[in-house]
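Remember, it's a predicted structure, so these values are computed and weren't measured experimentally.
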Amino acid sequence: MKHAAAFGRFWYDFIVGDSAVLAIGGVVILTATWVLSEIGVSTVAEIVAPGLVIATLWISLPRRKL
């Protein structure tokens, strides 16, 4: 059981790392691109994916009050 817990902690730290927002955003981007490709609009997926990447990076930026 100890090894299974260590294995789970490794993968959590590897995937999530410092930012859960980026991990969730990556899953959302891959899922959205896959769904768009499966329904036959792969050209739209090629346009939407970079926009989602930029939006995810923008959301993950720390906000500072001036």
Next item on the list: State yes or no: do Phe7 and Ile15 share one hydrophobic cluster built from I, L, V, M, F, W and Y residues joined by side-chain heavy-atom distances below 4.5 Å, directly or via other members?
Entry: yes
Checklist line | Cluster check Val48, Val35: I/L/V/M/F/W/Y, side chain < 4.5 angstrom | finding: no
Check: So does Phe10 have more than 12 non-hydrogen atoms from other groups sitting under 6.0 Å from CZ?
Finding: yes
Check: Got a sec, which residues hit side chain to side chain contact (heavy atoms under 4.5 Å, CB included) with Ile54, two or more places apart in sequence or on another chain?
Finding: none
Next item on the list: Have a look at Ile24 and tell me which of Val27, Leu22, Val28 forms a side-chain contact (heavy atoms from CB on, under 4.5 Å) with it.
Entry: Val28
Checklist line | Shortest non-hydrogen separation from Ile29 to Ala49 and the atoms involved | finding: CG2-O, 4.4 Å
Item checked: Heavy-atom pair with the smallest gap, counting every atom of Thr56 and Val21 -> CG2-O, 4.1 Å
Next item on the list: Output yes when a side-chain donor or acceptor of Ser60 lies under 3.5 Å from a complementary backbone atom of Leu57, and no otherwise.
Entry: yes
Margin query: Once rounded to the nearest 0.5 Å, what's the spacing between atom CD1 of Ile47 and atom CG of Leu52?
Written below: 12.0 Å
